[in-house]
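Sequence positions, counted from 1, serve as the residue numbers for this chain. Note that ligands are numbered from 1 as they come in the structure, with each ligand's atoms numbered from 1 the same way.
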Amino acid sequence: MSSAPDLQGKHIVLGLSGGVACYKAAELTRELVRAGASVQVVMTESACRFITPVTMQALSNHPVYTDQWDDRVANNMAHINLSRQADAILIAPASADFIAKLVQGRADDLLSLMCLARPAERVPLLVAPAMNREMWAHPATQRNVAQLRADGALVLGPDAGDQACGETGDGRMLEAETLRDELIAFFQPKLLRGKRVLITAGPTFEAIDPVRGITNLSSGKMGFAIARAAQEAGAEVTLIAGPVHLPTPLHVRRIDVQSALQMADAVLPAAGESDIFVATAAVADWRPASFNDHKIKKDGQKQVPSFELTENPDILAAVARLPQAGRPWCVGFAAESHDLVRHAREKLVRKGVPLIVGNLGPATFGRDDNALVLVDAQGETDLPHGSKISLARQLVREIAERMAAG
Ligand code: C5P
């Protein structure tokens, strides 16, 4: 696959303050390095009580800084050098005490000194709180977090759930993979900021009886990747998903449905309030005309049951026919086995949409990679073979450009 790692070329300064969640910072370092970032770790004295600088050095492949008086640094200004080199500073875990220090602008150790000394207009500060639920809920912490946001920091989480102290509630640090994905999203250009995007994904399942049904081959991966890419681009995303086993992308509102009729019922009211509609779902063309309440039994006579089928509504075409004032900018998909461009172009006309995205169905079903061809009134644009998420990000760019062009 040709796609570059998501954090390729990014230099992240990862700051650890004291807390049990320091163990997750080890995994986070691995995730960031795997995603292509270079990671420079800076730790407070308390953080060193929870995890050793040796571990963090081994995982980041860089010496760890813990002291503002570190004489390894030629100019003895680690706080300046470290903060000038960073594309972003991520504090994970950020203890209640460290957040309070950030808010007050205190600078009595290397990490807080470095945060205060950072050029705020070009080095963003991301903060992942980690603390006991009472500490998180305390008005002092809530006040500090509100001030931290007002000062321009991005606060990631915290999560809710079991805590090291044995209590349950808000205050857990987000998991390493989630923080990695938050950071990846943070760096994506905000091409769809303020836009509402509605997406269908996955197959539909048309029940014959309580245990059987008609469905089709679709993993939902392309649609879920588009939902993630649109959210990363700053959109508010609603994802209407057929039966698939995929995790919901971060900050995406997901509505699960089974059948084409349920999908249509979920899409149509939401479409009028959306700016963009992307129909990636492989909607079953037909459904059984009637549903059997009981499982159809083999009768022992080798009698094969037959079904009458009825056509499902075309959800994309219905949205494309909405009155112009409430109609989102529509994108359809064409999964074909041959003559991709010809079929895609036919669909462009038949569905009445400005853009159809073609892909070769059998070559992509269930996989993490794909190749797309964009077909519109102007011509064809190839998006060559790559991961579904990188193609989804390119598609988001193509949509944003076309919408901006009117
Ligand atoms: O009509 P056909 O299935 O070839 O068109 C595919 C495109 O139309 C896809 O974007 C798919 O999500 C959408 N579609 C739909 N409702 C249907 C059938 C297809 O939204 N009943």
Side-chain angles (χ1 to χ4, degrees), residues 197-207 213-227 229-230 237-244 246 254-272 274 276-289 309-322 327-365 370 372-376 380 383 388 391-392 395-396 398-399 402:
V197 179
L198 180 66
I199 298 168
T200 63
T204 63
F205 180 87
E206 313 297 331
I214 300 171
T215 188
N216 49 49
L217 285 174
S218 168
S219 64
K221 285 181 178 174
M222 194 67 229
F224 275 58
I226 295 168
V237 180
T238 301
L239 176 61
I240 317 278
V244 293
L246 292 173
R254 173 175 178 171
I255 300 171
D256 284 320
V257 297
Q258 283 245 311
S259 66
L261 289 179
Q262 288 169 353
M263 189 172 273
D265 284 348
V267 166
L268 288 170
S274 303
I276 300 170
F277 175 50
V278 187
T280 60
V283 184
D285 290 318
W286 304 282
R287 66 179 183 277
L309 297 174
T310 184
E311 198 170 337
N312 272 326
D314 189 319
I315 302 167
L316 175 59
V319 173
R321 279 195 306 267
L322 288 174
R327 185 196 317 148
W329 205 85
C330 291
V331 182
F333 262 69
E336 306 292 342
S337 57
H338 61 287
D339 284 340
L340 188 51
V341 171
R342 182 166 63 79
H343 285 122
R345 198 157 285 291
E346 276 168 18
K347 240 164 255 195
L348 195 70
V349 176
R350 179 156 51 84
K351 308 260 179 183
V353 296
L355 180 63
I356 290 281
V357 181
N359 59 172
L360 291 171
T364 183
F365 285 144
N370 201 356
L372 304 177
V373 54
L374 275 46
V375 177
D376 65 6
E380 283 107 50
L383 301 186
K388 285 185 175 172
L391 289 167
L395 177 60
V396 159
E398 298 279 348
I399 292 172
R402 283 167 172 77

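In terms of the side-chain hydrogen bond (donor to acceptor under 3.5 Å, both in side chains) criterion, T280 has no residue partners (sequence neighbours excluded). Taking the side-chain hydrogen bond (donor to acceptor under 3.5 Å, both in side chains) definition, one finds that N216 meets it with nothing, sequence neighbours left out.
Proximity of a side-chain donor or acceptor of R287 to a complementary backbone N or O of E311 within less than 3.5 Å is detected. Between the side chain of R254 and the backbone N or O of L239, no donor-acceptor pair lies under 3.5 Å.
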Check ligand 1 for N or O atoms under 3.5 Å from a protein N or O and list each pair with its distance.
{"residue": "ligand 1", "atom": "1 (O)", "partner": "K351", "partner atom": "NZ", "Å": "2.7"}
{"residue": "ligand 1", "atom": "4 (O)", "partner": "K347", "partner atom": "NZ", "Å": "2.5"}
{"residue": "ligand 1", "atom": "5 (O)", "partner": "K351", "partner atom": "NZ", "Å": "3.0"}
{"residue": "ligand 1", "atom": "8 (O)", "partner": "K351", "partner atom": "NZ", "Å": "3.0"}
{"residue": "ligand 1", "atom": "10 (O)", "partner": "A279", "partner atom": "O", "Å": "2.6"}
{"residue": "ligand 1", "atom": "10 (O)", "partner": "F333", "partner atom": "N", "Å": "2.7"}
{"residue": "ligand 1", "atom": "10 (O)", "partner": "F333", "partner atom": "O", "Å": "3.4"}
{"residue": "ligand 1", "atom": "12 (O)", "partner": "A279", "partner atom": "O", "Å": "3.2"}
{"residue": "ligand 1", "atom": "12 (O)", "partner": "A281", "partner atom": "O", "Å": "2.6"}
{"residue": "ligand 1", "atom": "16 (N)", "partner": "I315", "partner atom": "N", "Å": "3.0"}
{"residue": "ligand 1", "atom": "20 (O)", "partner": "L316", "partner atom": "N", "Å": "2.9"}
{"residue": "ligand 1", "atom": "21 (N)", "partner": "P313", "partner atom": "O", "Å": "2.8"}

Report all side-chain donor-acceptor pairs from residues 346-353 shorter than 3.5 Å, counting only partners two or more places apart or in another chain.
{"residue": "E346", "atom": "OE2", "partner": "R342", "partner atom": "NH1", "Å": "3.3"}
{"residue": "K347", "atom": "NZ", "partner": "E336", "partner atom": "OE2", "Å": "2.8"}
{"residue": "K351", "atom": "NZ", "partner": "D314", "partner atom": "OD1", "Å": "3.3"}
{"residue": "K351", "atom": "NZ", "partner": "D314", "partner atom": "OD2", "Å": "2.6"}

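Separating the CG atom in L372 from the CG atom in L360 is a distance of 10.0 Å, to the nearest 0.5 Å.
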